[in-house]
Amino acid sequence: MDGNGRWATRRGLPRVAGHRAGAEAIRRVVQAGPALDIGTLTLYAFSADNWRRPRGEVAALMRLFRRFLDDETPNLAASGIRISAIGRRDRLPASLAAAIDAAEGRTASGERLHLRVAIDYSAREAIVRAAACCSPGAAPTQADFGRLLAGEGAGEVDLLIRTGGEQRLSDFLLWESAYAELCFIATPWPEFAAADLEAAVAEFRRRERRFGGVTRADTRPSPRRSQRPTHARPTAES
Ligand code: IPE
Ligand code: MG
């Protein structure tokens, strides 16, 4: 979810107004998820590196997360949406950490969508922590390690969308995104609508995922290579 600050600044508003508008975008997108057949939606709300931002902005974000959980948890529970957080909790304000625990408990039985919010999250740190859980000398398989890392029931990322025009991963779900389809869009997060999510999912469905393999079409010899074409379409040499 990128572009909140720039969205606000362009309007002559304080950056925190962009974050507030961003929270509205979350509500729209989450409600649109199940109909698009999305089983797990992970939102990158606050990276471990975002602590570098001005104290006032960080404090405003923490308050917003807390308010979002207080306001939305009943709706999430009623809509069958399970919410959980990934990332560190020990550096969060105690009241936010408690609100996360409560929201997780209250929505635990939701099965229509698993909404994961990454707060104080760093993919590299998560990888290092998972590695530390392996016993010394152990050689886990990729599948074992992936399970260790994912916890909370999520695995491979199929589609990764970054709004706001930047084209980088910024330490988000690095292991899990090994074969993710990447979608970078210029729209700032506060303007991201259900239709944008729908368009990204449609684009995802058009993509051919080969996971390092080849498709059947790739293995069929092309006429130009296997035989001299008799009625071939004109080529550069003909
Ligand atoms: C993303 O928007 C939201 C958070 C990191 C909380 P930004 O705050 O990064 O917005 P820009 O990139 O400055 O526009
Ligand atoms: Mg940004």
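Atoms within each ligand, like the ligands themselves, are counted from 1 in listed order.
Ion pairing between a basic and an acidic side chain is recognised when a charged N comes within 4.0 Å of a carboxylate O; D70 and R67 show no such pairing. Remark: E156 does not engage R147 in a salt bridge, criterion side-chain N to carboxylate O under 4.0 Å. The pair E198-R28 does not meet the salt-bridge criterion, since no charged nitrogen lies less than 4.0 angstrom from a carboxylate oxygen. Ion pairing between a basic and an acidic side chain is recognised when a charged N comes within 4.0 Å of a carboxylate O; R82 and E104 show no such pairing. Salt-bridge formation is not detected for the pair R205/E181: no Lys NZ or Arg NE/NH1/NH2 atom is positioned less than 4.0 Å from an Asp or Glu carboxylate oxygen.
Nearest to atom 10 (O) of ligand 1 among the protein's heavy atoms is G5 N, 2.9 Å. Closest to atom 1 (C) of ligand 1, if we only count protein heavy atoms, is M1 O, 2.8 Å. The nearest protein atom to atom 4 (C) of ligand 1, hydrogens excluded, is given as A45 O, 3.7 Å; this is a heavy-atom distance.
A heavy-atom separation below 4.0 Å is found between G3 and ligand 1.
Under a hydrophobic clustering in which Ile, Leu, Val, Met, Phe, Trp and Tyr are joined whenever their side-chain heavy atoms come within less than 4.5 Å, directly or via other members, L159 and M1 fall into the same cluster.
Neither the backbone nor the side chain of T9 comes within 4.0 Å of ligand 1, counting heavy atoms alone.
Close approach of ligand 1 to L61 (heavy-atom distance below 4.0 Å) involves ligand atoms 6 (C). The N50 neighbourhood of ligand 1 comprises atoms 5 (C), with distances under 4.0 Å to a heavy atom of that residue. Close contacts of ligand 1 with R15, meaning ligand atoms under 4.0 Å from a residue heavy atom, involve 7 (P), 8 (O), 10 (O), 13 (O). Near R53, with a cut-off below 4.0 Å to any heavy atom, the atoms of ligand 1 are 5 (C), 7 (P), 8 (O), 9 (O).
In terms of polar-atom proximity, defined here as any N/O pair under 3.5 Å, R6 does make such a contact with ligand 1. Taking distance alone, with nitrogen or oxygen atoms compared against 3.5 Å, N4 approaches ligand 1 more closely than that limit.
Among the atoms of D2, an N, O or S atom falls under 2.8 Å from the Mg ion (ligand 2).
L96 pairs in a side-chain contact (heavy atoms from CB on, under 4.5 Å) with only one of the listed residues (L61, L69, L64), which is L69.
Looking only at distances, no side-chain donor or acceptor of T107 sits under 3.5 Å from a matching main-chain atom of G110.
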